[in-house]
Amino acid sequence: MQSAEAPSLILTHHVFPMEVVVGSYEQVAFGFSVQPSDEDDGLWNLEPSFTHHGHIASLTAVSVGKKYLATGSRDETIKLYDLKKRVEYGELQEHEGTITCLEFFGDNHLLSGAEDGNICLWEVKSWECVKTLHAHKGRVMSFSVHPSGKLALSVGSDKTLRTWNLMKGRSAFVKNIKQIADLVLWSPKGDFYIVSRNNQVDVYKLETASVVWTFSIPVRISSVRFITESIVAVCGDYEKIHLYDVQKQACVCEFKAHDLRIKALHYSYWRGIHILLSASNDGYIKLWNIDLSHPEAVPILLGEINTTARLTCLTVHVSSDETQSLDSSVGKGRKRKKVKEEKDVEHLDKEAVETSEDGIAKTMPSQADAQDFSKCLKG
C-alpha cells in the first residue's frame with residue numbers, strides 16, 4: 001500500500017509512458033507515473049510526477065490531449081498545462097460559473113461546458129474560442145463527441161438531450177427528457193450512446209435513436225465508461241463497480257473496489273492490457289486488469305496509491321511514443337487570456353467557425369432522430 005506524498009512543485013521535464021491525473025476537492029491536481037512490476041504477481045507502482053495548486057476552488061473536470069492537460073474548477077476557469085515541459089501554460093476565462101465538463105477531441109480542439117449553459121469550442125493552436133454554443137437553459141451536465149467528430153450530444157439541467165452538428169456549428173435537434181440527465185456518452189465506435197440519470201442508464205442505438213435497454217444500480221451513478229463497444233463499467237455513490245454487457249443486456253460482474261463512494265472511472269488499453277482506473281473519495285487511485293475473455297471474472301488489482309485527498313475527477317495520458325492510444329478527449333472570448341501559439345494545426349471546419357446561428361429545433365420522434373443522425377454523419 002502506497003501513500004502519496006507528492007511534491008508541491010512541478011517536477012522534471014521527463015515524459016512518462018503512462019501518467020494518471022486526478023483532481024480533488026482540495027483544489028490540487030495530482031499526476032502519477034505508472035511503473036509496471038517486473039514480477040508477474042507484483043503490484044504496479046504509481047510514482048508522484050507532479051502536483052499543482054492552480055485553482056482557488058475544487059476541481060470538477062480534467063482532460064488530456066496530445067500535449068496539454070486541461071483542468072476545470074468551481075472558480076470558473078480552465079487551466080492549461082504543458083505535459084512535456086511540465087509548466088503551466090495559460091488560463092481560459094470564457095465561462096461563467098462552474099466548469100462542468102472538458103474533452104479534447106484529437107490533437108486540435110478542446111470542448112468545455114459549464115454552469116452558464118454554454119459549450120465552447122477552443123482551437124488548440126491559438127487557444128481562441130472559435131465557437132460558443134448556447135446549449136442549455138441551465139448548466140451543461142455532460143457532453144460527448146461522436147468518434148467521427150461530426151456530431152456531439154449534450155444534456156443539461158433544462159431536461160433536454162441536444163444533438164449538435166459540429167460540421168455546421170449548430171443544433172441539429174432537441175429531445176425532451178423526463179428527468180435531469182447527469183451523463184451522456186458515445187460508445188467507442190459510435191454505434192451506441194448512453195444517458196444516465198440518477199441511478200438509471202438508458203442505452204440508445206444510433207441506427208434507430210431509440211432505447212434498446214435500461215438498467216440501474218442501487219445508488220446514484222457518478223461515472224460510466226465503455227471498455228469495448230459492448231462492455232460498460234458503471235460506478236456510483238458507494239464502493240462497488242459494475243460491468244454490464246450491452247449486447248447480452250446483463251450485469252456480468254460487480255465487485256468492491258473502494259471503501260467510500262467512487263467518483264470517476266477511466267479506461268485505457270496499454271501494453272496489451274485492458275486497464276480500468278478508478279478514483280474515490282477514500283483518496284485511492286486503483287488500476288484494474290479487465291479480462292475480456294472472461295468479463296464475469298472479478299478484475300485483478302494491478303496497482304494503487306493513496307493520494308490522501310478527496311478525489312473528484314480522473315484522466316490518463318499515454319505518451320505519443322507508446323503504440324497504444326489513450327482515450328481522446330475533443331468562441332471570441334470576452335474574458336479569454338491568450339497564451340502563446342504552437343506549431344500549425346488544422347482549423348475547425350470553416351463552416352463551423354463562420355456559422356453563428358444556433359438552430360432551435362423541435363422535439364422529434366425516434367425515427368426522425370435517426371434520420372437526422374444520418375444527415376449529420378454524412379455532413
Side-chain angles (χ1 to χ4, degrees), residues 1-7 11-12 14-24 26 28-52 62-64 69 83 222-223 225-228 231 233-235 238-243 253-295 297-319 321-327:
M1 183 181 299
Q2 302 176 54
S3 180
E5 296 180 357
L11 295 184
T12 174
H14 177 67
V15 177
F16 299 103
M18 183 176 187
E19 193 166 21
V20 182
V21 180
V22 291
S24 67
E26 288 78 8
V28 179
F30 299 89
F32 298 92
S33 64
V34 178
Q35 309 292 337
S37 173
D38 294 331
E39 301 176 8
D40 292 339
D41 58 350
L43 288 180
W44 293 12
N45 289 322
L46 284 83
E47 299 291 341
S49 54
F50 73 86
T51 62
H52 195 276
V62 289
S63 184
V64 289
L69 163 69
L83 290 169
S222 56
S223 186
R225 281 285 171 176
F226 277 94
I227 297 173
T228 68
I231 303 297
V234 182
C235 70
Y238 72 160
E239 71 279 4
K240 291 184 179 181
I241 294 175
H242 299 253
L243 300 181
C253 180
E254 66 175 73
F255 62 99
K256 180 180 178 181
H258 291 269
D259 290 330
L260 297 177
R261 64 177 179 171
I262 304 169
K263 291 293 292 182
L265 298 175
H266 200 91
Y267 166 74
S268 186
Y269 180 61
W270 190 56
R271 298 189 177 182
I273 301 176
H274 297 276
I275 303 172
L276 180 66
L277 301 95
S278 57
S280 168
N281 276 168
D282 63 13
Y284 276 87
I285 303 168
K286 295 188 179 185
L287 281 64
W288 304 92
N289 184 350
I290 306 293
D291 183 358
L292 291 181
S293 62
H294 299 285
V298 174
I300 298 172
L301 180 65
L302 286 173
E304 62 180 15
I305 190 166
N306 184 4
T307 66
T308 70
R310 295 172 298 160
L311 305 180
T312 58
C313 44
L314 166 71
T315 191
V316 176
H317 180 257
V318 175
S319 169
D321 295 334
E322 294 286 310
T323 56
Q324 308 297 348
S325 64
L326 83 143
D327 118 312

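- The minimum heavy-atom distance linking W288 with L302 is given by the pair C-CD1, 4.1 Å.
- In this view, D282 and H258, S280 satisfy the side-chain hydrogen bond (donor to acceptor under 3.5 Å, both in side chains) rule, not counting sequence neighbours.
- Looking only at side-chain heavy atoms (C-beta outward), L69 and F50 come within less than 4.5 Å of each other.
- The CD1 atom of I290 lies 9.5 Å from the CD1 atom of I300; values are rounded to the nearest 0.5 Å.
- Across G303 and L43, no two heavy atoms sit closer than the pair N-CD2, 4.1 Å.
- Side-chain atoms of F255 and P299, non-hydrogen and from C-beta on, do get closer than 4.5 Å to each other.
- Contacts of C313 classified as side chain to side chain contact (heavy atoms under 4.5 Å, CB included), with partners at least two apart in sequence or in another chain: L59, V62.
- Between E239 and R261 no salt bridge is recorded (no basic side-chain N to carboxylate O distance below 4.0 Å).
- Contact of the L83 side chain with the H317 side chain is registered, since non-hydrogen atoms from C-beta on lie closer than 4.5 Å.
- Nearest heavy-atom pair across A257 and I241 is CB-CD1, 3.6 Å.
- Nearest heavy-atom pair across I305 and L46 is CD1-O, 3.1 Å.
- The distance from atom CG of N281 to atom CZ of R310, rounded to the nearest 0.5 Å, is 7.5 Å.
- The distance from the OG atom of S278 to the CG atom of L314 is 8.0 Å, given to the nearest 0.5 Å.
- In this structure, I227 CD1 and L243 CG are separated by 5.0 Å, a value rounded to the nearest 0.5 Å.
- At a threshold of 4.5 Å between non-hydrogen side-chain atoms, the residues L301 and L287 do not count as touching.
- Here the side chain of R225 pairs no donor or acceptor atom with the backbone of H266 at under 3.5 angstrom.
- Listed here is the closest heavy atom pair of C253 and P295: CB-O, 3.5 Å.
- Applying the side chain to side chain contact (heavy atoms under 4.5 Å, CB included) criterion to Q35, with sequence neighbours excluded, gives F16, S33, N45, E47.
- For the atom pair L260 CG and Y238 OH, the distance stands at 14.5 Å (nearest 0.5 Å).
- For K286, there are no side-chain hydrogen bond (donor to acceptor under 3.5 Å, both in side chains) partners, not counting sequence neighbours.
- Classification of the W270-W44 ring pair by plane angle, with boundaries at 30° and 60°, yields perpendicular.
- Looking at residues two or more places apart in sequence or on another chain, you find a side-chain hydrogen bond (donor to acceptor under 3.5 Å, both in side chains) between D291 and S293.
- Looking at heavy atoms from C-beta onward, V21 lies out of side-chain contact with V316 at the 4.5 angstrom threshold.
- Nearest heavy atoms, P36 versus R271: CG-NH1, 3.6 Å.
- Atom CZ in F32 sits 6.0 Å away from atom OG1 in T307 (nearest 0.5 Å).
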